[in-house]
Amino acid sequence: DLFMFRDYLGEGARIFGLDINSECEVFSQERQIKVYQGSQSNATVLEEIAAEVGGQFDAILDDASHDNDITLSSLQLLWKHVKPGGVYMI
């Protein structure tokens, strides 16, 4: 998915990912992609990532845990980081 979005969105896109599996950090070696290791259920991790990448996103795509409580918590925490006119997709 990271590569697909990078290729679809073009050279100006910066793609950020989060995965609980530390082996996924290897994808950060690709141009325009940065993958963080951590759990979506950890609010501190989400806030730290948002701050590190500038705090505002054009789009957030949440396809992670498939656990409704975690998904809702992430939406509530990350919504403030979506730019006006941006999208949050679940």
Side chain [X], main chain [Y], donor-acceptor under 3.5 Å:
X   : Y   : result
S39 : I20 : no
H81 : G55 : yes
Q32 : R14 : no

Who passes side-chain contact (heavy atoms from CB on, under 4.5 Å) against [X], sequence neighbours left out?
X   : result
T71 : D62, S65, I90
E23 : N21
A43 : L77
M4  : none

> For S74, which residues count as a side-chain hydrogen bond (donor to acceptor under 3.5 Å, both in side chains) partner, sequence neighbours excluded?
Replying inline: Q40
> Rounded to the nearest 0.5 Å, what separation is found between the CG atom of L18 and the CD1 atom of I60?
Replying inline: 11.0 Å
> Going from CG on L2 to CZ on F16, what distance comes out if it is rounded to the nearest 0.5 angstrom?
Replying inline: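 Reported to 0.5 Å precision, the distance equals 11.5 Å.
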>> Under the rule for salt bridge (Lys or Arg N to Asp or Glu O under 4.0 Å), what residues qualify as partners of D58, not counting sequence neighbours?
In response: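 Partners of D58 under the salt bridge (Lys or Arg N to Asp or Glu O under 4.0 Å) test: K83.
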>> Could you work out, with salt bridge (Lys or Arg N to Asp or Glu O under 4.0 Å) as the rule, every residue matching E30, not counting sequence neighbours?
In response: R6
>> Taking salt bridge (Lys or Arg N to Asp or Glu O under 4.0 Å) as the cut-off, I'd like each qualifying pair that reaches into residues 35-52, sequence neighbours left out, listed once.
In response: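 As it turns out, the salt bridge (Lys or Arg N to Asp or Glu O under 4.0 Å) pairs with a partner in residues 35-52, which skip direct neighbours, are E47-K80.
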> Can you list every salt bridge (Lys or Arg N to Asp or Glu O under 4.0 Å) pair that touches residues 31-43, not counting sequence neighbours?
Replying inline: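 Checked against salt bridge (Lys or Arg N to Asp or Glu O under 4.0 Å) - neighbours excluded - the pairs reaching residues 31-43 are E11-R31.
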> Can you find a heavy atom in the side chain of L9 that is under 4.5 Å from one in the side chain of I15?
Replying inline: yes
>> When you compare the side chain of L78 with that of L46, does any pair of heavy atoms fall below 4.5 Å?
In response: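 SC-SC contact between L46 and L78 confirmed.
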> With F5, which residues qualify under ring-ring contact (aromatic ring centres under 6.0 Å, His included), at least two apart?
Replying inline: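 If we apply the ring-ring contact (aromatic ring centres under 6.0 Å, His included) test to F5, skipping adjacent residues, there are no hits.
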> Can you name the residues that form a ring-ring contact (aromatic ring centres under 6.0 Å, His included) with Y88, not counting sequence neighbours?
Replying inline: none
> Which pairs with one or both residues in residues 19-42 pass ring pair (Phe, Tyr, Trp, His ring centres under 6.0 Å), sequence neighbours excluded?
Replying inline: F3-F27
